[in-house]
2 protein chains.
Amino acid sequence: EDIVVSDVHLDEQQARVTIRRVQDRPGIAAEVFTAVAEGGVMVDMIVQNVGHDELTDLSFTVPRVDLERCLLLVRELISDWPGATLSYDGEMALLTVMGIGLRSHTGVGERMFRALSDAGVNVQLVNTSEIRFGVVVARTDAAKAHQALLAAFGLQA
Amino acid sequence: EDIVVSDVHLDEQQARVTIRRVQDRPGIAAEVFTAVAEGGVMVDMIVQNVGHDELTDLSFTVPRVDLERCLLLVRELISDWPGATLSYDGEMALLTVMGIGLRSHTGVGERMFRALSDAGVNVQLVNTSEIRFGVVVARTDAAKAHQALLAAFGLQA
Ligand SMILES: C[C@@H](O)[C@H](N)C(=O)O
Ligand SMILES: C[C@@H](O)[C@H](N)C(=O)O
């Protein structure tokens, strides 16, 4: 049996920024990430789900130490965007399941979500690809979630 | 200067499924992806943004040829989920910018979004990590978006 999942990484150094109800039209993402980059804040993960009523929410993560500066930049940018609101979470944790063929090997995603569910951990954001499953959980759940995933994938010491 | 972006891949073989207004509590993602997996449908990408009012939306992509079967599975699953609705898009295209240090090398994200914006392409979903930026666009924009990104990253023949 292939060793599909090679590692589960816990990152507690990030914070989430969400701009809710942005216009879902060309140019918005470019404006946001240009402003953040020009402010010297590095973006790690971006998550945007499908919009409706021509609006969508745009979330991204930055180093926790840069959260306040990032919020200043974004607040300035969206100050004249009708209906857009800013929210953030300085108490998040990012768990990353890494490996190969995560999609094509059945059961990895289900096992991850089942392990988190069994541990009572709520999944706040999800961002996956074939080689990397990312889930955001509350920092208060981080250790428990990390242990649950390590155990689920047989990576415990 | 490092060659940071190595490839821009276009995938027109996927379809998107979105369950709107699912309960944002432990166990929901596990139920969805267990049901889909048990139905023999392979999931490629999962995107979930942060919830509000204890609800969130859950999107994922599957091979276009499996869309109808997937919708049957999900409809059955959510039939007694109060307020949850199912939507889908059989006409999406997934563009993936691949490379190394996409986050730590400044400008890659901004360049991608600016190129798509300049081409008039709307970004429907975003799913990124340090080694892979994924954006979903309309299939009618696929060729134009692919060309714009190849050009933006100097990968044109
Ligand atoms: C929301 C944002 O991604 C927008 N759809 C854009 O294309 O820039
Ligand atoms: C929406 C879904 O991800 C839910 N929060 C869960 O943990 O399963």
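These numbers were taken from a predicted model, which means no experiment stands behind them.
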Engineer: Under a 3.5 Å distance rule, please check whether Gln124(A) uses its side chain to pair with a backbone N or O of Met92(A) as donor and acceptor.
Structural biologist: no
Engineer: Counting only non-hydrogen atoms closer than 4.5 Å, does Val47(B) touch chain A with its backbone (N, CA, C, O), its side chain (CB onward), both, or neither?
Structural biologist: both
Engineer: If you round to the nearest 0.5 Å, how far is CG of Leu125(B) from CG of Asn127(B)?
Structural biologist: 8.5 Å
Engineer: Can you name the residues that form a side-chain contact (heavy atoms from CB on, under 4.5 Å) with Phe153(A), not counting sequence neighbours?
Structural biologist: Val5(A), Val8(A), Val97(A), Val108(A), Arg111(A), Met112(A), Leu149(A), Leu155(A)
Engineer: Is there a donor in the side chain of Asn49(A) and an acceptor in the side chain of Ser59(B), or the other way round, less than 3.5 Å apart?
Structural biologist: yes
Engineer: Heavy-atom cut-off 4.5 Å, strictly under: side chain, backbone, both or neither for Arg132(B) against chain A?
Structural biologist: side chain
Engineer: Let me know if Ile46(B) has heavy atoms under 4.5 Å from chain A in its side chain, its backbone, both or neither.
Structural biologist: both
Engineer: Looking at Arg114(A), His52(A), Glu130(A), which has the largest count of heavy-atom pairs under 4.5 Å with chain B?
Structural biologist: His52(A)
Engineer: Answer with side chain, backbone, both or neither: which region of Ile28(B) has an atom nearer than 4.5 Å to a non-hydrogen atom of chain A?
Structural biologist: neither
Engineer: Below 30° counts as parallel, above 60° as perpendicular, anything between as tilted: where do the rings of Phe60(A) and Phe33(A) land?
Structural biologist: perpendicular
Engineer: What residue in Gly51(A), Ala30(A), Ser87(A) has the most heavy-atom pairs under 4.5 Å with chain B?
Structural biologist: Ala30(A)
Engineer: If you count heavy-atom pairs within less than 4.5 Å of chain A, which of Ala119(B), Gly120(B), Gly134(B) leads?
Structural biologist: Gly120(B)
Engineer: Report yes or no: do Val50(B) and Ile19(A) belong to one cluster of Ile/Leu/Val/Met/Phe/Trp/Tyr joined by side chain heavy-atom distances under 4.5 Å?
Structural biologist: no
Engineer: By a 4.5 Å heavy-atom criterion (distance strictly below it), what part of Val121(A) contacts chain B: side chain, backbone, both, or neither?
Structural biologist: backbone
Engineer: Where do Ala15(B) and Arg64(B) come nearest, in terms of heavy atoms and distance?
Structural biologist: CB-CD, 3.8 Å
Engineer: Is Thr56(A) in contact with chain B via its backbone, its side chain, both, or neither, using a 4.5 Å heavy-atom distance?
Structural biologist: neither
